[in-house]
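One structure is given here, and the rest of the page talks about it.
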Amino acid sequence: AYRYSDDDSVILGGEYFYNEAGYDDASYYLGVAGANIFEFLYNGKHYVAASMVLMAPGSWNDSTFIFSGLSNLSDESILTRLDYRVRVLTHLNLSFYIAHHGGEIGEMQLSVDGFIPKQTIDAGMGMSLVF
């Protein structure tokens with residue numbers, strides 16, 4: 001965590017993961033999926049992740065921003081995501097996100113020519129009760 005004002009800080013995170021049972025190349029994924037053993041985030045050998053969290057920045061005391069990224073270094077696919085959460089009532093949070101699938105065709109950006117189109121953006125929202 002890094003404090004950038006009297007009341008505010010940014011939290012930075014990073015991680016590397018090595019999966020000995022993973023594949024070096026995305027060309028194996030279709031066969032693995034056909035055998036019903038495709039398991040997201042465990043297909044590649046090398047992964048790296050980074051995140052940045054801003055909780056109640058400045059005068060936005062009811063808001064949290066999260067920027068995160070995950071890459072399967074083995075197939076060079078990338079997923080980046082921005083989350084925004086705001087407390088609207090004492091016990092009610094609303095959450096919104098937008099994610100971008102980038103890099104090469106692979107685990108974070110699945111596509112099968114003529115069958116599954118290349119996915120690039122997805123978004124969502126939700127709400128939660130906090131007691």
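- A 4.5 Å side-chain heavy-atom check between Thr120 and Gln109 finds at least one atom pair inside the cut-off.
- Phe65 meets the ring pair (Phe, Tyr, Trp, His ring centres under 6.0 Å) test with Trp60, Tyr84; sequence neighbours excluded.
- A pairwise comparison of heavy atoms in Ser71 and Ile78 identifies OG-CG1, 3.8 Å as the closest pair.
- Closest approach of Leu70 to Ala49, counting heavy atoms only: CD1-CB, 3.9 Å.
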Would you sort out whether Tyr18 and Lys45 count as a side chain to side chain contact (heavy atoms under 4.5 Å, CB included), showing the intermediate values?
CA-CA 6 Å; Tyr18 175 74; Lys45 280 198 179 286; 4.2 Å; yes
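- Scanning both residues, Ile121 and His100, for their nearest heavy atoms gives CD1-CD2, 3.6 Å.
- In this structure, the separation between OH on Tyr29 and OG on Ser77 is 6.0 Å, given to the nearest 0.5 Å.
- Using the six-membered ring where Trp is involved, Tyr42 and Phe17 have ring planes that are perpendicular, over 60° apart on the 30 and 60° scheme.
- One N or O on the side chain of Tyr47 and one on the backbone of Gly44 form a donor-acceptor pair closer than 3.5 Å.
- The side-chain heavy atoms of Leu41 and Met108, taken from C-beta on, include a pair separated by under 4.5 Å.
- Rounding to the nearest 0.5 angstrom, the gap separating the NE2 atom in His91 from the OG atom in Ser128 is 12.5 Å.
- Here Leu129 contributes atom CG and Leu89 contributes atom CG; the two are 9.5 Å apart, rounded to the nearest 0.5 Å.
- Put simply, Met52 and Phe96 are part of the same group of oily side chains (I, L, V, M, F, W, Y) that touch within less than 4.5 Å, one to the next.
- Residues Tyr23 and Glu107 have side chains not in contact (no heavy-atom distance under 4.5 Å, counting atoms from C-beta outward).
- The closest side-chain heavy-atom distance from Met127 to Leu92 is below 4.5 Å.
- Going from atom CD1 of Ile11 over to atom CZ of Arg3 covers 10.5 Å, rounded to the nearest 0.5 Å.
- Distance CG/Leu79 to CG/Asn72: 11.5 Å, rounded to 0.5 Å.
- Under the 4.5 Å side-chain criterion, counting only non-hydrogen atoms from C-beta, Asn93 is not in contact with Thr64.
- Without hydrogens or angle criteria, Ser74 side chain to His46 main chain gives a donor-acceptor distance under 3.5 Å.
- Considering every non-hydrogen atom in both Asp75 and Ala26, the closest pair reads CB-CB, 3.8 Å.
- The minimum heavy-atom distance between Asp8 and Gly58, with the atom names listed, is OD2-N, 3.1 Å.
- Note that OH of Tyr16 and CG of Leu73 are 7.0 Å apart. Values are rounded to the nearest 0.5 Å.
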Hey, mind stepping through Asp83 and Arg85 against salt bridge (charged side-chain N to carboxylate O under 4.0 Å, His left out) and telling me if it holds?
CA-CA 7 Å; Asp83 288 77; Arg85 184 182 69 212; over 6 Å; no
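- Heavy atoms only, all atoms of each residue included: Tyr4 and Pro57 are closest at OH-CB, 3.5 Å.
- A single hydrophobic cluster is not seen to contain both Val130 and Leu94; linkage of ILVMFWY side chains at heavy-atom distances under 4.5 Å, directly or through other members, places them apart.
- One hydrophobic cluster, built from ILVMFWY side chains closer than 4.5 Å, holds both Val86 and Leu54.
- Residues meeting the side chain to side chain donor-acceptor pair (under 3.5 Å) test with Thr90, sequence neighbours left out: none.
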